[in-house]
Asker: 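Take this structure, written in structure tokens, and hold onto it; I'll ask about it next.
Just so it is clear, the structure is predicted and the values come from calculations on it, not from any experiment. No hydrogens, no waters, no symmetry mates; every other heavy atom, side chains included, goes into these values.
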Amino acid sequence: RLIAMLILITSLALPAALQPLCARTLNGKTAACAAAQYGKNEKTLEESIIKTEYGKIIDGKEGKAVLKGSFNEGGIYAENIKIDIYDLNDKLIQTVKIEEGGYSPDIKILNFDEEQSQIFYGASTGGSGGFGIFYVFENGAAIFDYKDFDSGFEAVYENGYKVSVRNRNYNYLVDISQKSDDVLSLIYDVDGKLLKPLNAEVSAVNHVAPFYNYLEKKFGLTVYQKITGLFQADGIGTVQTYLYKEGDRFDVQFSTAAL
């Protein structure tokens, strides 16, 4: 399947840091997010139509999805975000409400299976960590929710300037010997032995991107998680997990750790 993949398709832009950081925790992991105070005292505009997409999203029949939200005046941060689903006669079939506000929200209708299409939703939290909000909806129900995803990976420093990135199915060794002496001296002695047992951090979901498998003629999801060391700027790599839709959920096909 690796050869069959043409990675990429939709790129829901995640803007650079726009706000101070706050902390949110997903599956026990800390992720960067935008300050909740943004625009709190600013006038909120009326609901706007952000984007309209068409596809087989109503039990396999054609319909349209209309992404709506309220933007702070002069800003790109949206609140009260929802997706209204209509048939082709403009009859409202259902409304999907997005719990979180976000920067530059976007939707794309994609076929994650052969029977019907689904709605992929993404938005940025706006923090410097580049974290986002991601869902896939089918007939109004979330069949992928970034908050529920857990790859099970942990990262542990090993002797010899290595970091073991592992879960119950995979174990990758990442070479960190090229890091600066200032960083390495806080972890290892002069012989490359650990000063003490130490874990690195595998973040919550950082980014999600659809990819297209041209042989199977359907889309999948790539979920990215950051691996960081002693501090957030001490990047080690990323965990990438590839998912395909199976029934009413997404199942893991394989995972990798990359620099």
Side-chain angles (χ1 to χ4, degrees), residues 1 4-14 26-27 49-69 78 80-102 104-125 131-151 204-225 240-255:
R1 275 185 167 165
M5 288 178 185
L6 180 59
I7 291 193
L8 171 74
I9 230 259
T10 308
S11 127
L12 295 177
L14 297 179
L26 301 178
N27 299 320
I49 293 177
I50 302 170
K51 188 175 184 180
T52 301
E53 284 271 307
Y54 293 86
K56 295 180 179 180
I57 55 173
I58 306 173
D59 293 320
K61 298 179 181 179
E62 289 287 342
K64 70 176 180 179
V66 182
L67 179 64
K68 300 177 181 179
N80 305 316
I81 301 170
K82 65 181 182 179
I83 304 170
D84 283 337
I85 299 173
Y86 299 86
D87 65 18
L88 294 183
N89 294 316
D90 282 334
K91 177 184 177 182
L92 179 63
I93 304 300
Q94 61 189 148
T95 295
V96 177
K97 293 185 178 181
I98 308 298
E99 297 176 358
E100 309 91 338
S104 303
D106 198 2
I107 57 172
K108 187 71 178 175
I109 292 178
L110 302 169
N111 59 312
F112 289 99
D113 64 27
E114 297 177 356
E115 297 179 3
Q116 70 174 78
S117 298
Q118 294 76 31
I119 302 170
F120 176 70
Y121 171 86
S124 171
T125 61
F131 288 87
I133 300 159
F134 303 96
Y135 296 100
V136 176
F137 297 104
E138 181 177 271
N139 295 325
I143 59 173
F144 175 84
D145 183 331
Y146 76 106
K147 300 187 298 299
D148 297 334
F149 179 81
D150 184 1
S151 65
V205 172
N206 181 245
H207 182 59
V208 179
F211 66 86
Y212 185 63
N213 184 324
Y214 73 91
L215 289 181
E216 297 191 12
K217 294 180 172 53
K218 66 179 183 179
F219 290 87
L221 294 175
T222 306
V223 179
Y224 297 86
Q225 296 170 270
Q240 300 172 18
T241 303
Y242 298 86
L243 312 175
Y244 280 114
K245 182 177 180 291
E246 301 290 347
D248 60 356
R249 68 179 189 273
F250 281 84
D251 287 344
V252 174
Q253 298 301 305
F254 61 91
S255 298

Asker: Can Leu243 and Val223 be said to form a side-chain contact (heavy atoms from CB on, under 4.5 Å), step by step?
Answerer: CA-CA 8 Å; Leu243 312 175; Val223 179; 3.8 Å; yes
Asker: Out of curiosity, Ile83 CD1 to Thr52 OG1, how far, rounded to the nearest 0.5 Å?
Answerer: 11.5 Å
Asker: Would you say that Leu92 contacts Ile85 through its side chain, given a criterion of any heavy-atom pair below 4.5 Å between the two side chains?
Answerer: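 No, their side chains stay 4.5 Å or more apart.
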Asker: Does the plane of the ring in Tyr135 sit parallel, tilted or perpendicular to the ring in Tyr146? Use 30° and 60° as the thresholds.
Answerer: perpendicular
Asker: Using every non-hydrogen atom in the two residues, find where Leu88 and Gly63 come nearest and quote the distance to one decimal.
Answerer: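 Heavy atoms of Leu88 and Gly63 come nearest at CD2-CA, 4.0 Å.
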Asker: Would you say the side-chain atoms of Lys97 pair up with the backbone N or O of Lys82, donor to acceptor, closer than 3.5 Å?
Answerer: no
Asker: Kindly determine whether Phe137 and Ile107 satisfy side-chain contact (heavy atoms from CB on, under 4.5 Å), including the steps that lead there.
Answerer: CA-CA 10 Å; Phe137 297 104; Ile107 57 172; over 6 Å; no
Asker: State whether a side-chain donor-acceptor pair under 3.5 Å links Gln240 with Ser255.
Answerer: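 Checked: Gln240/Ser255 side chains show no N/O donor-acceptor pair below 3.5 Å.
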Asker: Is there a donor-acceptor pair closer than 3.5 Å between any side-chain N or O of Lys245 and the backbone N or O of Gly247?
Answerer: yes
Asker: Apply the test side-chain contact (heavy atoms from CB on, under 4.5 Å) to residues Val136 and Tyr121: give CA-CA distance (whole Å), side-chain angles for both, the deciding distance (0.1 Å), then the verdict.
Answerer: CA-CA 6 Å; Val136 176; Tyr121 171 86; over 6 Å; no
Asker: Hey, what's the ring geometry for Phe144 with Phe250, parallel, tilted or perpendicular (30° and 60° as the breaks)?
Answerer: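 Phe144 and Phe250: perpendicular rings.
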Asker: Can you confirm whether Gln94 sits close enough to Asp84 that some side-chain heavy atom of one is under 4.5 Å from a side-chain heavy atom of the other?
Answerer: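 Counting from C-beta outward, Gln94 and Asp84 never come under 4.5 Å.
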Asker: CD of Glu115: more than 12 outside heavy atoms within 6.0 angstrom?
Answerer: no
Asker: Over 60° means perpendicular and under 30° means parallel, so tell me whether Phe120 and Phe134 are parallel, tilted or perpendicular.
Answerer: parallel
Asker: Report yes or no: do Asn111 and Ser117 form a side-chain donor-acceptor pair below 3.5 Å?
Answerer: no
Asker: Just by distance, do the side chain of Asp87 and the backbone of Lys91 share a donor-acceptor pair under 3.5 Å?
Answerer: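 Pair found, side chain donor or acceptor close to backbone of Lys91.
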Asker: Can you measure from CD1 (Ile119) to CD (Glu138) and round to the nearest 0.5 angstrom?
Answerer: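 Those atoms lie 10.0 Å apart.
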Asker: Provide the closest heavy-atom pair for Gly101 versus Ile133 in the form atom of the first, atom of the second, distance.
Answerer: O-CD1, 3.3 Å
Asker: For Tyr244, does the six-membered ring have the charged nitrogen or CZ of Lys218 within the cation-pi criterion, i.e. under 6.0 angstrom from the centroid and within 45° of the normal?
Answerer: yes
Asker: Treating Gln118 as the side-chain partner and Phe112 as the backbone partner, does any N or O pair qualify as donor plus acceptor under 3.5 Å?
Answerer: yes
Asker: Would you say that more than 12 heavy atoms from the other residues, nucleotides or ligands in this model lie under 6.0 Å from the NZ of Lys64, or not?
Answerer: yes
Asker: Listed by chain and number, what are the salt bridge (charged side-chain N to carboxylate O under 4.0 Å, His left out) partners of Asp145, not counting sequence neighbours?
Answerer: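 With neighbours one apart ignored, the set is Lys147.
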Asker: Could you tell me if the side chain of Thr241 sits less than 4.5 Å from the side chain of Thr222, heavy atoms only?
Answerer: no
Asker: When you measure from the side chain of Glu53 to the backbone N and O of Ile109, does any donor-acceptor pair fall under 3.5 Å?
Answerer: yes
Asker: Tell me, do Ile98 and Glu100 make a side-chain contact under 4.5 Å, heavy atoms counted?
Answerer: yes
Asker: Go through the steps for Gln116 and Ile57 under the test side-chain contact (heavy atoms from CB on, under 4.5 Å), then give the verdict.
Answerer: CA-CA 6 Å; Gln116 70 174 78; Ile57 55 173; 5.6 Å; no
Asker: Looking at every heavy atom in both Gly69 and Ile50, which two are closest together, and how far apart are they?
Answerer: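 Looking at all heavy atoms of both residues, the shortest contact is N-CD1, 3.8 Å.
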Asker: Identify whether the distance between the nearest side-chain nitrogen and carboxylate oxygen of Asp251 and Arg249 falls below 4.0 Å.
Answerer: yes
Asker: With sequence neighbours excluded, tell me which residues meet salt bridge (charged side-chain N to carboxylate O under 4.0 Å, His left out) with Asp248.
Answerer: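 For Asp248 there are no salt bridge (charged side-chain N to carboxylate O under 4.0 Å, His left out) partners, ignoring immediate neighbours.
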